[in-house]
Structure formats: C-alpha cells, structure tokens
Amino acid sequence: MGMIRRPRDTMRAVGGVTLVLLVAAVTRVSAASGQETRVIRVPGDAETIQLGIEMTEPGDLVLLDPGTYPGEVVVPEAAEGITIRGVDRGSVVLDGGYEQEHAISVHADGVTLENLTATGFEGNAFEWIDVEGFTGRYLTAWNVEYYGIYAISSSDGLIEDS
C-alpha cells in the first residue's frame with residue numbers, strides 16, 4: 001500500500017527543500033565574492049558578545065547560542081560589515097536588568113543584527129549611531145525606557161520583521 005500524504009506534510013517537505021536551496025545559494029554567493037565568512041560562536045569561541053565582536057574581521061558572523069546575555073555591547077567602527085545573529089529569536093535574550101543603557105549600540109557601517117530579543121534597558125535596546133548601511137531583522141524589544149530599535153543620524157538601512 002502507498003503512503004498517503006496530507007497537505008501539511010507536503011508543505012514541510014517543500015519547506016525543507018527550499019531551506020537547503022537557500023543555504024546553497026548563500027554559500028555560492030560567499031564563495032563567488034572571494035570573501036570567506038568566519039563564524040564566531042558565543043559562548044563557544046568567545047565567552048561574551050563583546051569578545052566575539054573583538055575577534056571579527058569585516059564580513060564575519062557572531063552567532064549567539066541560546067541564553068541570556070548582558071547588554072552594553074558596543075560595535076566599534078572597526079567592526080564594519082559584521083553580522084550578530086541569535087540562533088533563535090525567542091531563546092537569545094539580552095537583559096539589562098533595568099541598570100544598563102542599551103543592549104547593542106552599533107557605530108560601524110554595514111552591521112546586521114538578527115534574531116535577538118532585548119528587555120530591561122534604560123535607553124534604546126538596539127541602536128545604530130551615525131552609520132551608513134545597516135540591517136535589523138527579527139528583533140524584539142520590550143520593557144525598555146526609550147526606543148526598542150533606533151537608527152540615529154544613520155542612512156541606507158533596513159529594519160524588517162521586528
């Protein structure tokens with residue numbers, strides 16, 4: 001007897017194939033540009049987010065494993081073009097304990113923040129200050145004093161699905 005597929009099972013199979021193709025496309029783009037993207041895992045390769053950022057070169061990825069992290073993270077001008085990404089938006093949380101000003105403050109051009117949640121900050125949660133080119137994607141901010149996501153004197157940016 002043949003197996004009967006329900007429509008939901010078919011969609012899962014199609015979604016899995018799409019994901020594989022997307023990953024392959026991203027890999028090809030990186031290889032074609034000649035730029036190798038290094039992945040720095042926190043806390044595996046670096047104990048803190050700040051230490052992970054300090055290890056980066058342009059184009060690198062700082063990947064945060066599930067957990068609660070302190071804020072006051074600063075991305076300096078030299079960290080241009082990096083990405084800071086949580087493995088899961090709901091399980092990667094920056095918590096300021098209502099004692100810290102911001103979760104992540106970006107001062108470098110072309111920085112992407114993705115898949116992160118921030119709470120308990122006295123200022124902005126995620127901010128880009130005086131940068132050109134930035135992306136904020138899948139960011140959640142709640143219980144912060146000022147803005148959850150804010151670009152100050154910055155241009156050519158994209159904030160989506162946040």
Side-chain angles (χ1 to χ4, degrees), residues 19 22-96 99-162:
L19 179 60
L22 179 60
V23 170
V26 171
T27 302
R28 270 190 240 127
V29 169
S30 292
S33 70
Q35 182 177 356
E36 182 179 323
T37 299
R38 291 183 318 142
V39 177
I40 300 163
R41 292 196 75 112
V42 176
D45 300 324
E47 192 173 317
T48 66
I49 300 169
Q50 194 67 56
L51 289 174
I53 292 167
E54 291 172 14
M55 294 171 61
T56 64
E57 295 176 7
D60 285 350
L61 168 65
V62 178
L63 187 61
L64 310 179
D65 285 334
T68 301
Y69 299 88
E72 296 292 340
V73 173
V74 176
V75 180
E77 288 182 31
E80 190 171 300
I82 70 167
T83 297
I84 302 171
R85 177 185 302 144
V87 295
D88 177 69
R89 181 183 197 174
S91 65
V92 177
V93 178
L94 288 92
D95 189 340
E99 296 176 1
Q100 296 178 329
E101 186 69 22
H102 58 266
I104 301 177
S105 183
V106 178
H107 300 269
D109 294 341
V111 172
T112 298
L113 303 178
E114 296 177 320
N115 267 0
L116 304 167
T117 295
T119 186
F121 291 94
E122 293 183 338
N124 303 316
F126 306 106
E127 61 184 18
W128 290 264
I129 301 174
D130 198 27
V131 302
E132 186 173 320
F134 63 91
T135 303
R137 187 178 291 122
Y138 303 108
L139 302 174
T140 300
W142 55 280
N143 285 344
V144 296
E145 186 87 15
Y146 295 124
Y147 299 100
I149 305 168
Y150 197 35
I152 305 160
S153 299
S154 298
S155 62
D156 297 324
L158 172 67
I159 298 172
E160 64 181 355
D161 297 313
S162 296

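The analysis underlying the following values was restricted to heavy atoms, covering all of them including side chains, and did not include hydrogens, waters or symmetry mates.
Within the 3.5 Å criterion, the main-chain N or O of E127 finds no donor-acceptor partner in the side chain of S105. Remark: the backbone N or O of T119 is not paired with any side-chain donor or acceptor of N143 at under 3.5 angstrom. At least one donor-acceptor pair closer than 3.5 Å links the side chain of D109 to the backbone N or O of E132. E80 places no side-chain N or O within 3.5 Å of a backbone atom of G110 that could act as its donor or acceptor partner. No side-chain donor-acceptor contact under 3.5 Å links S91 to the backbone of P66. Distance alone, capped at 3.5 Å, places no donor-acceptor pair between the T37 side chain and the D60 backbone. The closest donor-acceptor contact from the side chain of N115 to the backbone of G86 lies under 3.5 Å. At least one donor-acceptor pair under 3.5 Å links the side chain of Y69 to the backbone N or O of V42.
A donor atom on one side chain and an acceptor atom on the other are found under 3.5 Å apart for T140 and R89.
Side-chain contact between F121 and L94 is present, with at least one heavy-atom pair separated by less than 4.5 Å. In this structure, the side chains of L64 and L116 come closer than 4.5 Å at one or more pairs of heavy atoms. V92 has its side chain within reach of V87: a pair of non-hydrogen atoms, C-beta onward, lies under 4.5 Å apart. Counting heavy atoms from C-beta on, the side chains of R85 and L61 come closer than 4.5 Å. At a threshold of 4.5 Å between non-hydrogen side-chain atoms, the residues V74 and Q50 count as touching. Side-chain atoms of I104 and L113, non-hydrogen and from C-beta on, do get closer than 4.5 Å to each other. At least one side-chain heavy atom of T56 sits less than 4.5 Å from a side-chain heavy atom of I40. For the pair V62/R38, no side-chain contact is recorded, criterion being any heavy-atom separation below 4.5 Å from C-beta on.
Under 4.0 Å is where a charged nitrogen must lie from a carboxylate oxygen, and between R137 and D161 no such pair does.
The two residues A79 and I53 make their nearest non-hydrogen contact at CB-CG2, 4.2 Å. Nearest heavy-atom pair, G71 versus Q100, reported as atom, atom and distance to 0.1 Å: N-OE1, 2.8 Å. Minimum heavy-atom separation, A108 to P76: CB-O, 3.1 Å. The shortest non-hydrogen separation linking A46 to M55 is CB-SD, 3.7 Å. Here the closest non-hydrogen pair linking T135 and W128 is O-CZ2, 3.3 Å. Nearest approach of A151 to F134, heavy atoms of both residues: CB-CZ, 3.5 Å.
The number of heavy atoms from other shown groups lying within 6.0 Å of CD (E77) does not exceed 12. Within 6.0 Å of the CD atom in E160, the count of heavy atoms belonging to other residues, nucleotides or ligands exceeds 12.
One finds the CG atom of D45 at 9.0 Å from the CG atom of D65 (value rounded to the nearest 0.5 Å). Of the inter-residue distances, the one linking D130 atom CG with S154 atom OG reads 6.5 Å to the nearest 0.5 angstrom. From N124, atom CG reaches atom OH of Y147 across 8.0 Å, with rounding to the nearest 0.5 Å. The distance from atom CD of E122 to atom CD of E99, rounded to the nearest 0.5 Å, is 7.5 Å. In this structure, E145 CD and E101 CD are separated by 8.5 Å, a value rounded to the nearest 0.5 Å. One finds the CD atom of E114 at 10.5 Å from the CD1 atom of I84 (value rounded to the nearest 0.5 Å).
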